[in-house]
Amino acid sequence: MEKCALLFHFEEQRAQKLKKALSRLEIAVKQVKPEEYGLPLGLLAGLPGSFLFAARGAAGSPQPAGAAGQKEAEPDQEMLVFSGITRQELDRALDALRRAGVSGIALKAMLTETNRFWNARQLVWELKREHESFHRP
């Protein structure tokens, strides 16, 4: 599996700094276009089997666990999704981003067996929901 990072809603200058920092760690970077936000994350990351899932259409698309009401949110801030890297590689990547001046990315995730079938909107919704639950009094 190829090591990669998916970028959502990044301005070009920050995306270029991020690409440069991660290329040194042999992590491929893909800037995801807004018209691709509805595709499964696994498909965007090039994971095997994701193409077949995407071909089934939205009817088979699972929702984030515990989601009620609105289950999607438009990516309206930077989001970074890593795929194919270990925890140690993640730590090195985040350190490289800090050193490159690309910090403060609030929405970060690792691709998992569960969320690989979600699209960017579903992941944003889940990350924001988790963030709110951690910061609730």
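Any value given below was found using the heavy atoms of this structure, including those in side chains, with hydrogens, waters and symmetry copies removed.
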First locate atom CG of Leu94, then atom NZ of Lys108, and finally report the distance between them rounded to the nearest 0.5 Å.
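Nearest 0.5 Å value for the CG-NZ distance: 6.5 Å.
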Can you tell me how far the CG atom of Leu111 sits from the CZ atom of Phe82, to the nearest 0.5 Å?
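Those atoms lie 12.0 Å apart.
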Do [X] and [Y] come close enough that some side-chain heavy atom pair is under 4.5 Å?
| X | Y | result |
| --- | --- | --- |
| Gln31 | Leu6 | no |
| Ile85 | Leu25 | no |
| Ile105 | Arg14 | yes |
| Phe8 | Leu80 | no |
| Val32 | Tyr37 | yes |
| Lys30 | Glu36 | yes |
| Asp91 | Gln88 | no |
| Leu127 | Met79 | yes |

Provide the closest heavy-atom pair for [X] versus [Y] in the form atom of the first, atom of the second, distance.
| X | Y | value |
| --- | --- | --- |
| Ala15 | Phe10 | CB-CB, 4.1 Å |
| Ala5 | Leu22 | CB-CD1, 3.8 Å |
| Ala28 | Glu2 | CB-OE2, 3.4 Å |

In plain terms, say whether Glu11 and Lys17 are close enough for a salt bridge, that is, a side-chain N and a carboxylate O under 4.0 Å apart.
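Salt bridge absent between Glu11 and Lys17.
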Before accepting this row, confirm whether a basic side-chain N of the pair Arg121/Asp76 lies closer than 4.0 Å to the acidic partner's carboxylate O.
no
Would you say Gln16 and Glu12 are linked by a side-chain donor-acceptor pair, where the criterion is simply a distance under 3.5 Å?
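Glu12 vs Gln16: donor-acceptor pair found between side chains.
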If you count every heavy atom of other residues, nucleotides or ligands that lies below 6.0 Å from Glu26 atom CD, does the total exceed 12?
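No, CD of Glu26 has 12 or fewer neighbouring heavy atoms, counting only those of other groups under 6.0 Å.
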Tell me whether Glu126 contacts the main-chain N or O of Leu123 through its side chain, where contact means a donor paired with an acceptor under 3.5 Å.
no
Quick check against the 3.5 Å criterion: does Asn115 have a side-chain atom that pairs as donor or acceptor with the backbone of Met110?
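Pair found, side chain donor or acceptor close to backbone of Met110.
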Sequence-distant partners of Ser103, side-chain hydrogen bond (donor to acceptor under 3.5 Å, both in side chains), two or more places apart:
none
Determine, stepwise, if the pair Asn119 / Leu39 fulfils side-chain contact (heavy atoms from CB on, under 4.5 Å).
CA-CA 5 Å; Asn119 64 44; Leu39 295 174; 6.0 Å; no
Give the C-alpha distance, both sets of side-chain angles, the deciding distance and a yes or no for side-chain contact (heavy atoms from CB on, under 4.5 Å) between Ser83 and Leu47.
CA-CA 9 Å; Ser83 175; Leu47 295 182; 3.8 Å; yes
